Amino acid sequence: MKKQYILLLFAFSLLLMISCKTGAGDNQEETLTFHPYVEGFTTGNVSRFTPIRLVFNEDIPSEKRQDGNIAKRVKLKPSAEGEYFFEDERTLVFKPSQPLSRNTSYEMKTDLSAWFNVHLSDRSFSFRFTTVPFEARASLQNLSLNKTDKQAWDITVNIFTLDREPDELIESIIDVSQPGLKLSWNHLSNGKNMS
């Protein structure tokens, strides 16, 4: 009976520890801006792996899209390594080479005069987006007697994260203090679920 109590206590402690959030998100309200040449852009809370897009409402001629100076006309703050390119005639994309920082507000500022004949007041356009924080929650899926050792219990807990996370990071936040308990992991390919 004492072993059962300890295992139940362990399971609930594990759930409590995993269910807490780390990192506080920015609670700033974002104001969406209008620009006569812009149709859409990345905004809100996004994954650290998301390509950032700026969509214009007119096609840009091929020679203007392939001038090789896109990075001089677009600035990301805070800065991040990556590649700027046109996905099609209207969509400018920034693809980060490494995941962006967690829980960070970014601003992308663009000089549109390279692609459009704009008035001075319409020359620049900027927009903001925020990457999601590290967040994990756990769900107890199963607590059952071990089939080979009737004095032991098998506990299955699923852990869900808000964004894709490295397997090692998730495994490092789980601590087992009960002697004799063994952890085995099953990581799903989406990088957001494990049990």
Side-chain angles (χ1 to χ4, degrees), residues 1-32 40-53 76-83 87 93-108 127-195:
M1 186 67 169
K2 185 177 178 185
K3 212 176 216 187
Q4 292 172 344
Y5 174 74
I6 291 172
L7 283 173
L8 284 173
L9 186 61
F10 163 75
F12 289 117
S13 299
L14 178 68
L15 287 174
L16 241 148
M17 180 179 69
I18 295 300
S19 296
C20 67
K21 292 182 185 181
T22 59
D26 256 344
N27 289 333
Q28 302 173 357
E29 281 193 33
E30 293 191 28
T31 305
L32 298 182
F41 49 89
T42 299
T43 189
N45 292 326
V46 299
S47 167
R48 298 177 298 130
F49 303 88
T50 299
I52 309 308
R53 288 182 168 78
L76 182 65
K77 288 184 181 177
S79 64
E81 294 294 320
E83 174 190 10
E87 187 173 68
V93 177
F94 171 69
K95 186 175 181 183
S97 53
Q98 297 293 320
L100 297 173
S101 298
R102 285 184 188 88
N103 198 29
T104 303
S105 261
Y106 285 90
E107 180 181 27
M108 186 171 278
F127 61 96
R128 295 175 185 265
F129 60 92
T130 304
T131 52
V132 294
F134 175 78
E135 194 171 306
R137 68 181 168 86
S139 172
L140 178 63
Q141 294 300 304
N142 189 25
L143 177 63
S144 59
L145 278 172
N146 186 287
K147 292 178 181 169
T148 57
D149 181 359
K150 297 300 181 193
Q151 297 298 315
W153 289 83
D154 292 327
I155 301 171
T156 304
V157 177
N158 285 349
I159 301 169
F160 305 94
T161 57
L162 200 54
D163 204 353
R164 291 187 319 203
E165 300 295 346
D167 297 347
E168 306 79 40
L169 174 64
I170 300 305
E171 291 181 22
S172 74
I173 65 172
I174 306 299
D175 185 23
V176 178
S177 58
Q178 177 68 32
L181 287 180
K182 297 177 207 155
L183 288 177
S184 62
W185 291 94
N186 179 21
H187 295 276
L188 289 150
S189 60
N190 68 5
K192 294 174 152 186
N193 307 77
M194 54 263 357
S195 62

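Predicted model only: the values in this text are computed from it and were never measured. Numbers here are sequence positions counted from 1.
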Margin query: Between Ile170 and Ile159, does the side-chain contact (heavy atoms from CB on, under 4.5 Å) criterion hold? Intermediate values first, please.
Written below: CA-CA 8 Å; Ile170 300 305; Ile159 301 169; 4.2 Å; yes

Checklist line | Greater than 12 external heavy atoms within 6.0 Å of Gln98's CD | finding: no

Checklist line | side chain to side chain contact (heavy atoms under 4.5 Å, CB included) partner of Thr130, chosen from Val46, Thr43, Asn45 | finding: Asn45

Item checked: Heavy-atom side-chain contact between Leu140 and Ile155 under 4.5 Å -> yes

Note to self: I'd like to know if the side chain of Ser97 reaches the main chain of Glu81, judged simply by a donor and an acceptor atom lying under 3.5 Å from each other, with no hydrogens or angles considered.
What the structure shows: yes

Checklist line | Parallel, tilted or perpendicular: ring planes of Phe41 versus Phe127, cut at 30 and 60 degrees | finding: tilted

Margin query: Using the side-chain contact (heavy atoms from CB on, under 4.5 Å) criterion, which residues pair with Ser144? Sequence neighbours excluded.
Written below: Asn142, Asp154

Next item on the list: Return yes if some donor-acceptor pair links the side-chain N/O of Thr131 with the main-chain N/O of Arg48 below 3.5 Å, else return no.
Entry: no

Item checked: Minimum heavy-atom distance Pro166-Arg102, with the two atoms named -> CD-NH2, 4.3 Å

Item checked: 4.5 Å side-chain heavy-atom contact, Thr104 and Pro78 -> yes

Item checked: Chi angles and distances behind the side-chain contact (heavy atoms from CB on, under 4.5 Å) call for Phe129, Leu100 -> CA-CA 11 Å; Phe129 60 92; Leu100 297 173; 4.0 Å; yes

Checklist line | Glu107 and Ser105: side chain donor to acceptor below 3.5 Å | finding: no

Item checked: Atom of Pro96, atom of Pro51 and distance for their closest heavy-atom approach -> CD-CA, 4.3 Å

Next item on the list: May I have the step-by-step check of side-chain contact (heavy atoms from CB on, under 4.5 Å) for Phe94 and Met108, ending in yes or no?
Entry: CA-CA 10 Å; Phe94 171 69; Met108 186 171 278; 3.8 Å; yes

Notebook entry, point to check: Does the side chain of Ser47 pick up a donor-acceptor pair with the side chain of Asp163 at under 3.5 Å?
Noted result: yes

Item checked: Audit row: Arg53, Glu87, side-chain contact (heavy atoms from CB on, under 4.5 Å) steps and yes/no -> CA-CA 9 Å; Arg53 288 182 168 78; Glu87 187 173 68; 2.7 Å; yes

Item checked: Nearest heavy atoms of Ala136 and Thr161, plus distance in Å -> CB-CG2, 4.1 Å

Notebook entry, point to check: Is the closest side-chain heavy-atom distance between Lys77 and Tyr106 below 4.5 Å?
Noted result: no

